[in-house]
Amino acid sequence: MKVTEMPALPAIRFDANGNRHVDYRAILALAGPLFLNTALQAILNLTDTWFIGRLSVDALAAMGAIYYLMLVFILLLGGVGLGVQTLSAQYYGAGRYADAARSVWSGLYAVLLMTPLFVVVALNGDAILAPFKLAPAIEKLSVEYWFPRIMGGVFGIAFWAISGFFNGIGRTKITLAVTAGIAVMNAVLNEILMFRLDMGMAGSAWATTFSLIGGTAATAWLFLRPAMQEKFQSRLGWEFDRKEVVRLFLLGLPIGVAASIDLLGFALFQLMQVQLGPIDGAATQIVMMLTSLSYYPALGLSLAATTLVGQSIGAGDKDWARRLGTTAIMLTTCYTAMVGAMLAITAPWLAALFITAGDPNAAAVIKLGTTLLWIASAYQVFDGLSMSSTFSLRGAGDVKMPALALLLLSWFGFVPLAHMLSFGPGQGWIDFLPKLGLGAAGGWTAALIYIFSLSLLVFWRWRSEAWREMNVIND
């Protein structure tokens with residue numbers, strides 16, 4: 001039996017004359033926990049890096065060699081988990097609470113169907129890493145880390161599926177609380193498995209995997225508890241629904257493809273800057289780290305946009321969906337512009353924090369880092385516009401066009417342009433492209449051109465009428 005109600009539109013308030021206005025407090029209440037949640041994800045990554053750094057320089061190099069590659073596989077195969085938020089938000093907005101809960105079960109079935117692919121990737125780590133010709137000691141450590149961490153991706157996307165439901169219905173504090181528990185568990189297990197049980201590199205990967213298992217179990221328990229059963233009938237939607245699972249794949253796969261394309265493009269970009277030399281590589285790493293202060297809060301606001309747009313569309317009010325999405329885009333872009341400007345203005349002091357004063361390259365890194373942060377500050381503006389527009393479109397179920405745009409602009413625009421502007425004659429990976437030799441400044445200029453083009457394209461898509469034709473939940 002379906003439970004169908006018509007809840008109020010999200011983030012809405014009425015004035016004395018009955019006119020509708022956006023409730024900014026409601027938007028921030030939804031986005032705040034999502035912002036903190038994404039910050040915790042960064043802490044999780046830093047925790048693993050710190051523990052592995054205690055093993056050896058080789059261990060740290062091994063993690064660095066495969067980190068982005070692992071994320072590419074996890075995101076590529078795990079997009080089905082990310083799609084649950086859109087479905088649950090739209091069902092919730094339509095008052096179809098039981099269907100919102102049923103999207104979780106469909107997500108878990110989709111994860112189960114993807115599990116064999118994870119197993120294949122996990123078991124073939126040595127073959128996948130062979131083309132990169134890593135040093136034998138580093139390759140051995142990389143393979144040790146590869147299998148347990150890739151297998152942990154199965155539980156990671158299961159967690160995304162269940163937490164996506166809570167995000168979609170606006171209960172973002174639940175996701176935050178469980179993620180905090182995962183972070184604490186991960187730190188404790190790293191110490192126990194790596195050093196007390198002497199499992200070394202593999203121990204860190206298993207710590208992450210066991211933490212994700214615990215987090216998935218916790219969210220599953222919260223999903224099935226009596227209060228959720230009463231309103232959402234969360235225990236009754238477990239039957240396999242082929243149509244719903246296919247719908248989730250059609251929605252989630254483009255999300256995963258887009259995320260992995262973007263990640264791989266920037267992984268290649270960073271490798272280019274490192275190949276230029278230690279000064280360019282160090283300056284780029286500092287800038288990437290500092291700009292995460294802009295990225296993570298913007299990601300939280302963008303995730304909130306998916307929920308707000310999805311709930312409004314589910315309620316049948318696409319005009320309100322456009323208004324809320326545009327508001328989230330405005331807030332996100334203003335935030336990234338503000339943080340970008342602050343980073344640029346304080347660049348000489350910030351860059352110096354990451355460099356040992358006695359290092360012979362210190363002055364050169366600080367000078368280059370300052371220049372790059374000014375370029376990166378402009379990048380942040382358009383990154384906020386791109387991310388929030390893409391996530392607003394995701395709430396409407398419009399995921400194929402952003403994925404296609406990202407593929408074309410990243411791999412056929414950004415990557416070759418970064419190669420041309422970064423490397424000079426006799427440098428780089430390929431010879432048939434012209435090389436202007438502008439160094440890291442050229443590479444970041446390519447990144448700015450790329451994000452400017454992408455942001456305008458996806459924002460144009462959002463302002464067009466095309467996404468209004470998307471029909472995700474209606475049968």
Side-chain angles (χ1 to χ4, degrees), residues 1-13 23 25-34 37 81-111 158-181 215-241 243-245 247-248 251-252 303-317 320-321 324 394-397 472-475:
M1 174 181 175
K2 292 184 179 180
V3 177
T4 303
E5 302 177 14
M6 289 309 298
L9 288 167
I12 191 169
R13 64 179 178 83
D23 187 343
R25 289 185 178 180
I27 292 178
L28 294 177
L30 177 69
L34 290 172
N37 180 65
L82 296 173
V84 172
Q85 182 180 352
T86 297
L87 289 181
S88 62
Q90 291 194 7
Y91 282 132
Y92 182 80
R96 295 166 59 177
Y97 297 151
D99 286 332
R102 185 162 56 92
S103 68
V104 173
W105 291 104
S106 296
L108 294 177
Y109 279 120
V111 171
F159 174 69
W160 293 346
I162 307 174
S163 62
F165 162 76
F166 288 115
N167 293 341
I169 65 174
R171 301 191 185 185
T172 54
K173 292 181 180 178
I174 292 177
T175 301
L176 173 61
V178 176
T179 303
T216 302
T219 49
W221 175 78
L222 291 167
F223 174 70
L224 296 171
R225 73 188 194 276
M228 298 299 293
Q229 167 64 16
E230 181 179 352
K231 183 171 184 177
F232 293 91
Q233 298 182 14
S234 56
R235 302 177 187 176
L236 302 180
W238 59 268
E239 297 91 347
F240 182 81
D241 186 330
K243 183 178 180 180
E244 193 72 3
V245 172
R247 177 180 288 165
L248 187 58
L251 178 65
L303 284 167
T306 298
T307 293
L308 294 168
V309 170
Q311 289 184 359
S312 300
I313 287 180
D317 197 328
W320 189 247
L324 287 183
R394 184 185 297 184
V472 176
I473 67 170
N474 295 327
D475 295 325

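Just the heavy atoms: all of them, side chains too, but no hydrogens, waters or symmetry mates, feed the values below.
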Item checked: Evaluation steps, side-chain hydrogen bond (donor to acceptor under 3.5 Å, both in side chains), between Ser103 and Glu244 -> CA-CA 8 Å; Ser103 68; Glu244 193 72 3; 6.0 Å; no

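- The CG atom of Leu222 sits 9.5 Å away from atom CD1 of Ile162, with the distance rounded to the nearest 0.5 Å.
- Across all their heavy atoms, Ala26 and Ala11 have their closest contact at CB-CA, 3.8 Å.
- When all heavy atoms are compared, the tightest approach of Thr86 to Gly397 is CG2-N, 4.2 Å.
- Taken from OH in Tyr109 to CG in Leu248, the straight-line distance is 13.5 Å, to the nearest 0.5 Å.
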Next item on the list: Kindly determine whether Phe166 and Phe223 satisfy side-chain contact (heavy atoms from CB on, under 4.5 Å), including the steps that lead there.
Entry: CA-CA 8 Å; Phe166 288 115; Phe223 174 70; 4.2 Å; yes

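- The minimum heavy-atom distance between Gly395 and Val309, with the atom names listed, is C-CG1, 3.9 Å.
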Next item on the list: Might you work through the side-chain contact (heavy atoms from CB on, under 4.5 Å) test for Ile169 and Met228, ending with a clear yes or no?
Entry: CA-CA 11 Å; Ile169 65 174; Met228 298 299 293; 4.2 Å; yes

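- Aromatic ring orientation, Tyr97 versus Phe232: tilted (interplanar angle from 30° to 60°).
- Gly215 and Val178 make their closest contact through O-CG1, 3.6 Å (heavy atoms, listed as atom of the first residue, atom of the second, distance).
- Although no hydrogens or angles enter the test, the distance criterion places a donor-acceptor pair under 3.5 Å between the side chain of Gln311 and the main chain of Gly168.
- Screening Leu303, Ile313, Leu30 for a side chain to side chain contact (heavy atoms under 4.5 Å, CB included) involving Leu308 leaves a single residue, Leu30.
- Contact annotation: the side chain of Val104 approaches that of Leu108 to within less than 4.5 Å [non-hydrogen atoms, C-beta and beyond].
- Contact detail for Gln233 and Ala98: the closest heavy-atom pair is OE1-CB, 4.1 Å.
- The CH2 atom of Trp105 lies 9.5 Å from the CD atom of Glu239; values are rounded to the nearest 0.5 Å.
- Partner of Asn167 under the side chain to side chain donor-acceptor pair (under 3.5 Å) criterion, out of Thr306, Thr172, Asn37, Thr175: Thr175 alone.
- Between Thr307 and Tyr92 the shortest side-chain heavy-atom distance does not fall below 4.5 Å.
- Heavy atoms only, all atoms of each residue included: Leu87 and Arg247 are closest at CD2-CD, 4.1 Å.
- The distance from atom CG of Leu251 to atom CD of Gln85, rounded to the nearest 0.5 Å, is 10.5 Å.
- Residues forming a salt bridge (charged side-chain N to carboxylate O under 4.0 Å, His left out) with Asp241 (at least two apart in sequence, or on another chain): Arg102.
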